[in-house]
Amino acid sequence: MDTQWETYEVFHQSRRGDAHVHVGSVHAPDPQMALQLARDQFARRLSCTSLWVVRTSDITATDYQDPDFFAQVTDKSYRDPKAFDAPDKLHSE
Amino acid sequence: MPEKSYEARLAEFEARINRGEKIEPGDWMPDEYRKNLIRMISQHAHSEIVGQLPEGKWIPHAPGFRRKLTLIAKVQDEAGHGQLLYRAAETLGKSREEMMEELLTGKAKYSNVFNYPTPTWADVGIIGWLVDTAAVINQTMLAQSSYGPYARAMKRICYEESFHIKQGYDAVVALAKGTPEQRAMVQDAINRWWYPTLMMSGPPDALSVHSQLALRWKIKTKSNEQVRQEFVDHIVPQVRALGFDVPDPDCVYDESTSHYRYTQPDWEELRRVVNGDGPCNAERLAARRKAHEEGRWVREALAVKHKKQREVAAA
Amino acid sequence: MSLTIPSPIPLEHFKRFILSMADDELVLGHRDSEWTGHAPILEEDIAFSNIAQDEIGHALVWYTMYEELGGPSPDEMGFLREWNDFLCCHFVTYPRGDFAYTVVRQYLYDVAEQVRLRALLSSSVEALRSVAEKLIREESYHLLHSQSLVERLGDATPESHDRMQRAVTEAFPQALGIFEELEGESSLIESGVFVGNTALKSDWLKEVVPVLRKASLHVPVQLDAENVRVLAAADEGGRRGRHLEHLKQLVEDMQQVYRLAPQSQW
Amino acid sequence: MNQQDQPRAATESSVERTAEVWKALKEVRDPEIPVLSLVDLNIVRSVEVTEGCVKVEMVPTFAGCPALNIMRDEVVSKLRSLGFEHVEVEFTLHRRWSTDDLSEEALEKLRTFGIAPPVHLMSPEAGSHLERLQRAVAQPVLCPFCGSTETKLDAFFGSTLCKQLYFCTSCQQSFDRFKPV
């Protein structure tokens, strides 16, 4: 951004204990105003227990154009729960 | 330094214009240039002021908040443009009072188009769309004018006018999507405004006394005919795209010229309307005179107060 | 969109309060716009057109809030409502009169609005505070403008003085009607929505009386010690929907086109 | 116009998608001040992206701004061109908008365009808004064309709600000044 106002990414939590989920962003002069805007805009309709705002420029993200970044060196399928064929219920019916 | 001869100054002046330089208020200029400019700019200013009336009539009736706000803003812009243009004309040595006097006594001319009635709400949309499109084409050309203050005023006015076109178009589209009565209102307005709008760019250049000089000194840079053709080519497809008719059966696209053909308006009507004998000339001037007369005490009081304040400041 | 207000505040009375402000703004804005194209000088033509847009814009803000409280849309409120359902004061409904009346009315109203918005900056309702914060910025321009016209026209020439004096004599009692008590006002005061009209009127008097007097204009009040005693009867009734024919005509004009096809777009 | 941008929305993160929206909005010019975008003017306040839909919240400069429907149309068509099927624009009328929040860069762009930028209203000695405004209005205004201070207020209210009209007696040019609010 080349204005002194910046965009802030908004992360919303709907219940205590849930993860914060990205819901959008706001344009504000400082983090406090960003929180207020985020409250008015995103917490108005959704139930909300907590909001985070993060300066967009502070986010460092991986590049979708670079799939190699996630290339697995060794087979880690054993770490993925889906790799195990465990039934949801041990005793059906 | 010896006084330069008129011819030498004129040659220098024309050379500057041909190099694309702007002429500024303090610069030397031929009297004819000055006169021509004052005439054009003041006519333009008068057109803005009188132009407030046909649309202004609908301000109290505008349907809905957005339309009401927009229409007030638009008519306000016209006052603003008038103000700006009178200012530009003043830099050439003629006072606003003199110009106003000429308007109110019927001596000055202004655009033909504001002497037609506005019987329905659709007229507001059509003026914004058709009339302002024609105006912007003309004014975009005038923004290239050789006289600096006029060109700069025009540049600003063009921005605001293009906003008027959008608003006019938006109002027409709303009506076009509406009831059959609303659509009929639009078609009726197009029918009434078509020829007056064509006349706006002025008579064919062969009939225009002022055109040649104005072109030579780049007060304007296109002929009346060019401006009119540009308007027709631009607007006809738009009118048809919204499902409305252009009230001219001979208005067809000519492949050989890449232009639309159109029937010439009645130039005799234009002469009459510009010379004071149109459907609403008397009504328009009467409204301006009434505002002027009723406001006299305010102007006097402000002038007196201004003088008193200056005396106090000087003492 | 919905707006909820803290529970001790009586919703119906709160809504009427919002509506009374919205209607004042719309009707005065409409009257101001009657000068567009007809003002004494171009600069005032532009000024009153601008003020009209601001006032109508403010009306829109209040009607939007009214909608968020469960009311109909702003357009329905302005363009389909019956004239006797308006809650504006009589003051704003009178015809525009001469330019002196317009200037005096605008000045008296601008101070009233300034005083009202200033009070709302400390309302118990957050939405009111934030609206006041926005509107007061625009409104201050109106006040600077109308006050300077009052100061200049009040004693410039004998004619301007006469006209301005006539306007003050006519407008002052009407303006007092701005502060007509609202239905349920005491509950609004108790719950901290605003300080109440009596307090607003007293702030208003403290501002307008000295300015008018300084402009050589007589005001029907008596000053004893700190208090301003008003010697004129307030022109009231509007806040209870009891209106004059002027409003009927104005509303008819305003709704004329919209009502041709109320279900359609315009 | 309305073509769906294939799987993009699904493959990218919502943060990136949102950033794209901001970038596009920076290209939407204010209809009355075409050198500034709706983002430069702090009109756009928030962006919410959900699958194929985007919602934009805007705060008008002045409550009665007549250009709102045009801004809305331009935002909608701009964001549709990014592949959003549904674009919602919401105007928040009650939120404060102040020229004090404009960036130096925005002010410079105004100046280059020929509009004198607004002075800052907030000052340490603050006072009521009216008092601050009175002080601001009394300050000399520089002509954006020639830089002269020999300027005078021609009309307290200008051609649009956000401007006042000045005249420069040095270069004889009328110019607008953005109203400090």
Side-chain angles (χ1 to χ4, degrees), chain B residues 49-80 82-83 86 96 100 120-121 171 173-175 177-179 181-182 185 287-288 290-292 294-309, chain C residues 26 29-50 52-53 56-57 59-60 63 73-75 77-79 98-100 103 149 151-157 159-164 250 252-266:
Chain B
I49 301 307
V50 178
Q52 289 187 279
L53 300 170
E55 289 171 281
K57 168 187 162 185
W58 286 97
I59 291 176
H61 315 296
F65 275 99
R66 285 290 155 218
R67 298 279 174 232
K68 197 174 178 77
L69 286 168
T70 306
L71 185 56
I72 300 171
K74 192 202 160 177
V75 180
Q76 175 199 11
D77 273 355
E78 283 156 9
Q83 209 270 0
Y86 283 126
R96 193 203 284 187
M100 207 54 98
T120 74
W121 166 252
V173 169
L175 294 175
K177 288 189 200 153
T179 62
E181 290 78 16
Q182 286 174 306
M185 215 186 245
R288 284 313 317 170
K290 182 163 180 285
H292 193 75
E294 290 178 355
R296 188 179 298 282
W297 71 270
V298 180
R299 293 190 300 277
E300 280 168 7
L302 293 177
V304 165
K305 195 73 185 179
H306 186 63
K307 207 172 140 220
K308 279 187 195 166
Q309 281 166 345
Chain C
L26 175 59
H30 183 98
R31 287 292 183 215
D32 285 334
S33 76
E34 291 174 338
W35 285 100
T36 305
H38 307 276
I41 43 174
L42 270 178
E43 285 74 8
E44 288 306 320
D45 201 304
I46 298 169
F48 274 90
S49 306
N50 193 314
Q53 288 167 72
I56 295 169
L60 189 54
Y63 287 126
S73 74
D75 274 351
M77 293 302 285
F79 296 86
D98 68 353
F99 195 66
V103 164
L149 281 176
E151 286 163 356
R152 286 189 290 165
L153 297 176
D155 66 348
T157 64
E159 185 181 3
S160 77
H161 175 74
D162 282 357
R163 284 177 182 267
M164 291 294 281
L250 182 150
E252 240 171 63
D253 284 344
M254 187 161 67
Q255 301 184 339
Q256 180 195 327
V257 177
Y258 199 92
R259 280 183 183 268
L260 289 178
Q263 305 306 324
S264 191
Q265 278 197 58
W266 283 99

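Letters A, B, ... mirror the listed sequences (proteins, then strands); counts begin at 1.
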Considering only heavy atoms, which portion of [X] lies under 4.5 Å from any heavy atom of chain B: side chain, backbone, both, or neither?
X	result
C:Asp45	side chain
C:Leu250	neither
C:Arg259	neither

What are the two closest non-hydrogen atoms of [X] and [Y], and how far apart are they?
X	Y	answer
B:Ala174	C:Gln265	CB-OE1, 3.9 Å
C:Gln53	B:Leu69	O-CD2, 3.4 Å
B:Gly64	C:Tyr258	N-CD1, 3.7 Å
B:Gly80	C:Ile46	CA-CD1, 3.7 Å
B:Ile59	C:Ser33	CG2-OG, 3.4 Å
C:Ala39	B:Ala291	O-CB, 4.3 Å

Would you confirm whether [X], through its side chain, and [Y], through its main-chain N or O, come within 3.5 Å as a donor-acceptor pair?
X	Y	answer
B:Arg299	C:Pro40	yes
B:Glu294	C:His38	no
C:Arg152	B:Ala303	no

Quiz item: Would a 4.5 Å heavy-atom cut-off, applied to side chains only, mark B:Leu302 and C:Leu153 as touching?
Solution: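 In contact.
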
Quiz prompt | Side-chain heavy-atom pair C:Trp266, B:Gln182 within 4.5 angstrom cut-off | solution =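 Yes, at least one pair of side-chain atoms sits under 4.5 Å.
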
Quick check on [X] against chain C: is it the side chain, the backbone, both or neither that has a heavy atom closer than 4.5 Å?
X	answer
B:Gln52	side chain
B:Trp121	side chain
B:Arg288	side chain
B:Leu175	side chain
B:His61	both

Quiz item: Should the pair C:Glu43-B:Arg96 be classified as a salt bridge under the 4.0 Å nitrogen-to-oxygen rule?
Solution: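 Yes, charged N to carboxylate O under 4.0 Å.
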
For the atom pair [atom1] ([X]) and [atom2] ([Y]), what is the distance rounded to the nearest 0.5 Å?
X	Y	atom1	atom2	value
C:Asp75	B:Lys68	CG	NZ	11.0 Å
C:Glu151	B:Lys305	CD	NZ	8.5 Å
C:Leu42	B:Ile49	CG	CD1	4.0 Å

Residue, of [options], that accumulates the most heavy atom pairs under 4.5 Å with chain B:
options	result
C:Glu252, C:Gln255, C:Glu159	C:Glu159
C:Ala59, C:Ala261, C:Gly78, C:Pro74	C:Pro74
C:Leu260, C:Asp253, C:Thr157, C:Ile41	C:Asp253

Quiz prompt | C:His161: ring pair (Phe, Tyr, Trp, His ring centres under 6.0 Å) partners, not counting sequence neighbours | solution =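 Per chain and number, C:His161 pairs via ring pair (Phe, Tyr, Trp, His ring centres under 6.0 Å) with no residue.
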
Quiz item: Of all residues at least two apart in sequence or in a different chain, which pass the ring pair (Phe, Tyr, Trp, His ring centres under 6.0 Å) check with B:Phe65?
Solution: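 Checked B:Phe65 against ring pair (Phe, Tyr, Trp, His ring centres under 6.0 Å); matches are C:Tyr63, C:Phe79.
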
